[in-house]
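Taking it in order: structure first as structure tokens, then the write-up.
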Amino acid sequence: MYQAPRGTVDILPQEQAYWRYVEQKAAHICQLYGYERIDTPAIEDAGLFNRSVGEGTDIVDKEMYTFDDRGGNKLALAPEGTASVCRAYLEHGMQNLPQPVKLYYISSMFRYERPQAGRYRQHRQFGCEAIGSDDAALDAEVIDTAWQFYLSMNISQLFLALNSIGCKECRPVYLNALREHYVQHGDKICVDCNVRLVKNRMRLLDCKKPSCQPVADTAPKSVDYLCQPCAEHFDKLQRYLGLLGIPFGVNHRLVRGFDYYTRTVFEVQPQGGGSQGSLGGGGRYDGLIEELGGKPTAAVGFGLGIDRIILQLKEQKIDVSPLAKPRVFVAFLGDAARDEAIKLAASLRRNGIGVIQAIGSRSLKAQLRQANSLAISRAVIIGEEELKAGTVILRDMTSASQQTVPIARLPELLK
RNA sequence: GUGAGUGUAGCCCAGAGGCCUAAGGCGCCAGGUUGUGGCCCUGGAUAACGAGGGUUCGACUCCCUCCACUCACCCCA
């Protein structure tokens, strides 16, 4: 027997109400904030992610699905959404649109990881990207978009972690300070951190090993090394978030796993931990468009994990409205009546009434049993007698009462 | 990549070397006399007990290997 590939799941009918709920809220929020939907391919040139997310990051080095297609092109399954949107922005000359250009997507991301709760090899993200401005007001608006999205779904007990990691001017200075600090304490840190010290210094702060905590806690903070423009930007952002009434905490150790981030980084975390600690995150990426061959273009955005959001919805027991189902069941007795049932079901549907038609030749008992187990409230029964009389039995399954009515009146009676 | 736990019908699970030709519940199908569901009753279908190898007179039950799933680490959504 075949199984879904490791780390992938079937989203079964009974799960679909959650997905629709989340996707509708996302679309609504985007409409409110002026984001337009974009859908980018699931596959991209592998180089796009190498360049943007960055070689040396876990995502590119060990989690990306890359393959050669039959034409010899190096392709990759998208591990995240921002790079694709930026590629599309450039490819379609969106720098000629009024800036900032605001785009959103809902699409699948692929990462080759060991699956566990809230973590899959294919997961779906809702992401927003606002490209073409470095105004801190845009950062604030983007964060507000994400925050209001969670609120609109009635998810509570969330925490917004914020940090600024500087720009290409001030970050090198900071990284030097970080190195000095870690070199001084080199004997106290774990093996991974010794690797990070050389390969991915920013991520030193991210280490969760107890033994590394003292060193990480006392490490220099990026916000203390921001250049004048970056510092002002971060101040403004915090002020704007205050204006918007969004609670946040500056986390000096918040670092994200993509190389393209500059200045603002943020993460939305469930308060009780769980769901892998992060429901979504984002930040500013002022160098990315240029890195991809465009003119220097500032931008900011986020990606939120829908699978994890749904886990939260369930954990917080949030009701999502069930999907509409057919309300009418058409049952019949005998072959002649079957013809009439087929015509009747079709005509009701053409009148906008959802119908489940009895299929096969089962006893009336079995047909009604099916109607009952499908929780359909009204049954229409056509037998030989009704056929002759041009009538039909309309049965109310909840009250168990029924009446004989002319077939022509059904559409209005069932409306 | 590392570590731990689990693997018996569509689902939940009992069984712990022979009494298992594998039990029960849910679900599914059919019947309980004429053309009527939900409750109840009766019957039925569905499992080579994750796969392969080994120990044994005998293995679903013990051992080994593999695979899968789950959870955790890493990292992230």
Side-chain angles (χ1 to χ4, degrees), chain A residues 1-9 12 14 22 53 56-64 78-82 106-127 146 190-193 195-196 200 203 206-210 212 254-258 265 267-270 273-282 302-312 329 331-334 337 358 360 362-387 393-402 404:
Chain A
M1 290 272 278
Y2 290 109
Q3 284 177 289
R6 172 164 237 197
T8 67
V9 291
L12 298 170
Q14 61 267 30
V22 175
V53 175
T57 61
D58 281 8
I59 287 182
V60 165
D61 286 0
K62 34 187 243 208
E63 294 177 359
M64 200 156 73
E80 62 97 40
T82 302
I106 292 175
S107 56
S108 284
M109 306 302 162
F110 302 86
R111 295 178 199 170
Y112 190 84
E113 301 185 89
R114 287 288 290 269
Q116 60 182 288
R119 177 211 236 115
Y120 312 99
R121 289 185 174 179
Q122 176 182 5
H123 74 277
R124 295 209 247 177
Q125 286 189 25
F126 158 46
C190 68
V191 273
D192 287 340
C193 278
V195 176
R196 293 188 183 107
N200 221 319
R203 207 96 63 66
D206 215 17
C207 187
K208 278 140 202 137
K209 289 222 169 65
C212 293
L254 178 65
V255 187
R256 311 219 67 240
F258 307 107
V265 290
E267 215 166 271
V268 178
Q269 301 158 347
S275 287
Q276 300 307 320
S278 172
L279 284 185
F302 61 72
L304 316 179
I306 301 180
D307 306 74
R308 287 184 184 180
I309 287 168
I310 289 173
L311 247 30
Q312 267 312 302
F329 189 91
F332 65 90
L333 284 138
R362 300 203 285 177
S363 66
L364 182 60
K365 180 186 201 141
Q367 293 179 56
L368 289 178
R369 193 166 26 225
Q370 189 190 1
N372 186 62
S373 63
L374 292 175
I376 293 178
S377 53
R378 323 186 78 169
V380 173
I381 303 165
I382 313 173
E384 305 291 339
E385 287 171 30
E386 289 74 24
L387 197 56
I393 296 171
L394 178 55
R395 180 177 177 80
D396 185 308
M397 298 295 281
T398 357
S399 65
S401 61
Q402 60 184 39
T404 302

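Numbers restart at 1 for each chain; the letters A, B, ... are given by sequence-line order, proteins then strands. Quick caveat: nothing in here was measured; it's all calculated off a predicted structure.
- With rounding to the nearest 0.5 Å, the separation of CZ in A:Arg111 from CZ in A:Arg119 is 9.5 Å.
- Among the protein residues, A:Thr57 comes within range of no part of the nucleic acid, since none of its heavy atoms lies under 4.0 Å from any strand.
- Protein atom CG of A:Leu333 is 14 Å distant from nucleotide atom C1' of B:rG37, rounded to whole Å.
- Here, B:rC74 and B:rC60 have their P atoms 42 Å apart, quoted to the whole Å.
- Taking the P atom of each, B:rC71 and B:rC66 are spaced 23 Å apart, rounded to whole Å.
- Rounding to whole angstrom units, CD of residue A:Gln367 and P of B:rA30 are separated by 10 Å.
- B:rG52 and B:rU61 have their P atoms separated by 12 Å, given to the nearest Å.
- In this entry the distance linking NZ of A:Lys365 with P of B:rC39 reads 12 Å, nearest Å.
- Across all strands shown, A:Arg111 has heavy atoms under 4.0 Å from base atoms, whether or not it also approaches the sugar-phosphate.
- Between the side chain of A:Asn372 and the base of B:rG37, at least one donor-acceptor pair of N or O atoms lies under 3.5 Å.
- A donor-acceptor contact under 3.5 angstrom links the side-chain atoms of A:Gln402 to the base of B:rU36.
- Atom CG of A:Leu364 is separated from atom C1' of B:rG38 by 14 Å (rounded to the nearest Å).
- Counting to the nearest Å, the P atom of B:rC76 and the CG atom of A:Leu279 are 16 Å from each other.
- Relative to the side chain of A:Gln116, the nucleotides B:rG37, B:rC74, B:rA77 differ in distance, and B:rC74 lies closest.
- You'll find that the side chain of A:Arg362 is closest to B:rA30, out of B:rA30, B:rU36, B:rC71.
- Between A:Ile309 atom CD1 and B:rC76 atom C1' the separation is 14 Å, expressed in whole Å.
- Side-chain nitrogen and oxygen atoms of A:Ser363 include at least one within less than 4.0 Å of the OP1 or OP2 phosphate oxygen of B:rG31.
- Within 4.0 Å of A:Gly281, counting heavy atoms only, lie sugar-phosphate atoms of the nucleic acid but no base atom.
- Nucleic acid contact class of A:Gln3 (heavy atoms, under 4.0 Å, all strands): sugar-phosphate only.
- At the heavy-atom level, A:Ala331 lies nowhere under 4.0 Å from the strands shown.
- Residue A:Ile393 is classed as a base contact, given a heavy-atom separation below 4.0 Å to a base.
- Sequence order on RNA chain B of the closest nucleotides to A:Glu385 and A:Arg203 puts A:Glu385 first from the 5' end.
- Along RNA chain B, the nucleotide closest to A:Tyr112 and the one closest to A:Asp206 are compared, and the more 5′ of them pairs with A:Tyr112.
- The separation between A:Arg119 atom CZ and B:rC71 atom P is 11 Å, rounded to whole Å.
- A:Asp192 comes within 4.0 angstrom of nothing in the nucleic acid, heavy atoms only.
- Backbone-only engagement by A:Asp58 is indicated by non-hydrogen atom pairs under 4.0 Å involving sugar-phosphate atoms exclusively.
- Checked by distance alone, A:Glu113 brings a side-chain donor or acceptor within 3.5 Å of a matching partner on the base of B:rA77.
- Judged by distance alone, the side chain of A:Asp206 and the main-chain N or O of A:Arg256 form no donor-acceptor pair under 3.5 Å.
- Residue A:Phe258 is classed as a sugar-phosphate contact, given heavy-atom separations below 4.0 Å to backbone atoms only.
- Counting non-hydrogen atoms under 4.0 angstrom, A:Thr398 reaches a base of the nucleic acid.
- When atom types are taken as modelled, the side chain of A:Arg308 and the backbone of A:Gly118 share a donor-acceptor pair closer than 3.5 angstrom.
- Shown here, B:rA68 is classed anti by the O4'-C1'-N9-C4 or O4'-C1'-N1-C2 angle, which is more than 90° from 0.
- A:Glu386 comes within 4.0 angstrom of a base, heavy atoms only.
- A:Arg369 has no side-chain polar atom (N or O) that falls below the 4.0 Å cut-off from OP1 or OP2 of B:rC28.
- Following rounding to the nearest Å, A:Asp396 (CG) and B:rU36 (P) show an atom-to-atom distance of 18 Å.
- Taking side-chain N and O atoms only, A:Arg124 has no distance below 4.0 Å to OP1 or OP2 of B:rA77.
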